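These numbers come from a predicted model, not from an experiment. Heads up: numbering here begins at 1 and tracks the sequence.
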Amino acid sequence: MPEILEQPRITSGMIMSVHIAEVGGRKAISAMRAAPKPGEISGLKWAETFTMSPLRTGMMMELIPSGVCLIAAWEDDSALDRFLSHPLAKVYEGGWRARFEPVRAVGAWPGLPDLPRREVPTDDQPVGVFTLARVRLNRAGAFVAAAAPVERDAVYHPAYLEGTSLMHPPTKVATFTLWQNAKEMRQFTVGSYPGGHVRAMKQQEEHEFHHETLFVRLRPYAVDGQWNGRNPLDMIKPLTTDLTTD
């Protein structure tokens with residue numbers, strides 16, 4: 001059994017979860033097509049599945065998926081707890097999964113409600129970032145080229161912990177990344193160093209690669225399992241129980 005690390009939440013309300021299974025391409029595509037659906041899963045508010053590929057360090061993308069990723073929004077922890085025994089969760093057993101509090105959102109996405117617009121401070125704690133977009137098919141090639149320097153800059157940034165490129169054909173593209181803290185993550189996204197993300201945002205303004213976009217910052221509070229052979233959020237401290245007696 002993997003070790004489960006937890007720390008107290010700082011907000012209440014809707015939670016999000018990320019489930020990663022490093023499985024072969026055929027199994028990843030099969031799992032991507034079998035996303036849990038709100039209305040069929042109790043307490044599920046929204047869910048999307050993606051095939052995974054590593055963030056690029058060059059121009060070329062990996063053509064064979066490295067796994068499958070489920071990202072979902074839940075009414076509360078109890079709803080997620082119930083889902084973990086559902087048959088659709090089986091493919092993610094033995095992988096990596098984490099629970100998050102949404103602490104900042106920019107943009108919107110159909111069916112995904114209740115995201116905070118005003119930032120909830122996370123101090124020096126690690127954060128996750130989920131970006132989701134629907135690409136215009138006639139801009140897809142230009143988008144893929146523009147995204148390469150951003151991915152490379154992220155991978156080599158000193159505050160980057162782990163990440164993946166995500167895709168749900170034909171038009172949904174996403175990324176999920178983990179960072180040491182929100183300050184360093186903001187430096188990457190809007191700072192002058194290394195600058196790839198800022199240039200990509202300018203290209204988006206000029207060329208309109210997407211016609212729907214969403215950015216969500218997430219604070220992890222529970223995690224278990226391994227991703228790429230390790231837990232990238234091992235700095236999360238386990239909850240402790242006071243065992244003293246009167």
Side-chain angles (χ1 to χ4, degrees), residues 2-22 48 50 52 54-55 57 66-67 69-74 76-77 80 84 92 94-107 112 114-132 150-166 174-191 193-194 196-197 214-240:
E3 182 182 16
I4 300 175
L5 304 178
E6 299 182 83
Q7 59 184 6
R9 292 183 60 184
I10 58 175
T11 65
S12 60
M14 187 184 81
I15 67 167
M16 296 187 72
S17 63
V18 175
H19 311 248
I20 286 175
E22 295 172 282
E48 187 63 83
F50 307 89
M52 300 169 51
L55 295 183
T57 55
S66 61
C69 176
L70 164 66
I71 299 182
W74 306 89
D76 52 30
D77 283 285
L80 175 52
L84 295 179
Y92 303 100
W96 183 88
R97 63 182 181 230
R99 303 182 186 214
F100 296 87
E101 302 169 272
V103 293
R104 175 81 165 102
V106 177
L112 184 53
D114 305 328
L115 294 171
R117 300 296 165 176
R118 303 187 77 180
E119 181 174 358
V120 178
T122 53
D123 301 323
D124 200 38
Q125 300 176 60
V127 295
V129 174
F130 174 46
T131 66
L132 177 59
V150 183
E151 295 181 19
R152 184 173 59 248
D153 284 356
V155 169
Y156 291 119
H157 195 283
Y160 170 84
L161 299 174
E162 190 57 270
T164 182
S165 176
L166 304 170
T175 61
F176 174 71
T177 52
L178 296 167
W179 301 83
Q180 290 179 2
N181 55 55
K183 179 181 177 181
E184 295 285 353
M185 182 278 301
R186 281 194 296 268
Q187 187 278 329
F188 166 77
T189 56
V190 299
Y193 171 80
H197 193 273
L214 175 69
F215 165 96
V216 188
R217 188 181 308 157
L218 302 157
R219 174 189 176 268
Y221 65 92
V223 59
D224 69 292
Q226 292 193 333
W227 178 6
N228 282 336
R230 66 190 183 98
N231 173 18
L233 291 177
D234 60 1
M235 71 289 292
I236 292 180
K237 302 303 181 186
L239 289 172
T240 57

Keeping [X] on the side-chain end and [Y] on the backbone end, is there a donor-acceptor pair under 3.5 Å?
X	Y	answer
Glu6	Val223	no
Gln180	Pro158	yes
Ser165	Pro54	no
Glu101	Ser12	no

Rounded distance [0.5 Å steps], [atom1] in [X] versus [atom2] in [Y]:
X	Y	atom1	atom2	value
Leu132	Leu166	CG	CG	9.0 Å
Thr177	Phe130	OG1	CZ	11.0 Å
Trp74	Met16	CH2	CE	11.0 Å
Asn231	Ile236	CG	CD1	7.5 Å
Trp96	Glu162	CH2	CD	9.0 Å
His19	Arg97	NE2	CZ	7.5 Å

If you define the side chain from C-beta out and look only at heavy atoms, does anything of Asp76 sit under 4.5 Å from Ile15? no
Given side chains that start at C-beta, do those of Leu233 and Leu5 come closer than 4.5 Å, heavy atoms only?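 No - every pair of side-chain heavy atoms lies 4.5 Å or more apart.
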Parallel, tilted or perpendicular: ring planes of Phe176 versus Phe100, cut at 30 and 60 degrees: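 The arrangement is perpendicular - the two ring planes meet at more than 60°.
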Test Leu214 against Val216 for side-chain contact (heavy atoms from CB on, under 4.5 Å), laying out the working first. CA-CA 7 Å; Leu214 175 69; Val216 188; 3.6 Å; yes
Could you tell me which residues satisfy side-chain contact (heavy atoms from CB on, under 4.5 Å) with Thr131, sequence neighbours excluded, listed by chain and number?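 With neighbours one apart ignored, the set is Val129, Thr175, Phe215.
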After noting the C-alpha distance and the side-chain angles of Ile20 and Leu70, does the key distance pass the side-chain contact (heavy atoms from CB on, under 4.5 Å) rule? CA-CA 7 Å; Ile20 286 175; Leu70 164 66; over 6 Å; no
For the student: nearest non-hydrogen atoms of [X] and [Y], plus distance:
X	Y	result
Pro8	Arg219	O-NH2, 3.0 Å
Ala73	Leu112	CB-CD1, 3.8 Å
Ala174	Phe50	CB-CE2, 4.0 Å
Leu161	Pro126	CD1-CB, 4.4 Å
Leu218	Pro102	CD2-CA, 3.9 Å
Ala21	Tyr92	CB-CD2, 3.9 Å

Under a plain distance cut-off of 3.5 Å, with no hydrogens placed, do Asn181 and Gln125 share a side-chain donor-acceptor pair? no
Determine, for Tyr221 and Arg99, whether the Lys NZ or Arg CZ falls below 6.0 Å from the six-membered ring centre while staying within 45 degrees of the axis. no
Just do the side-chain contact (heavy atoms from CB on, under 4.5 Å) check on Leu115 and Met14 with the steps written out, would you? CA-CA 8 Å; Leu115 294 171; Met14 187 184 81; 3.6 Å; yes
Within the 6.0 Å centroid threshold, strictly below: Trp179 and His157: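 Yes.
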Residue pairs involving residues 175-185 (criterion salt bridge (charged side-chain N to carboxylate O under 4.0 Å, His left out); sequence neighbours excluded): none
Any pair with a residue in residues 116-126 that passes salt bridge (charged side-chain N to carboxylate O under 4.0 Å, His left out), sequence neighbours left out, goes on the list, sorted by first then second residue, please. Glu119-Arg186, Glu119-Arg217
Between Cys69 and Val18, is the side-chain contact (heavy atoms from CB on, under 4.5 Å) condition met? List the steps. CA-CA 7 Å; Cys69 176; Val18 175; 4.0 Å; yes
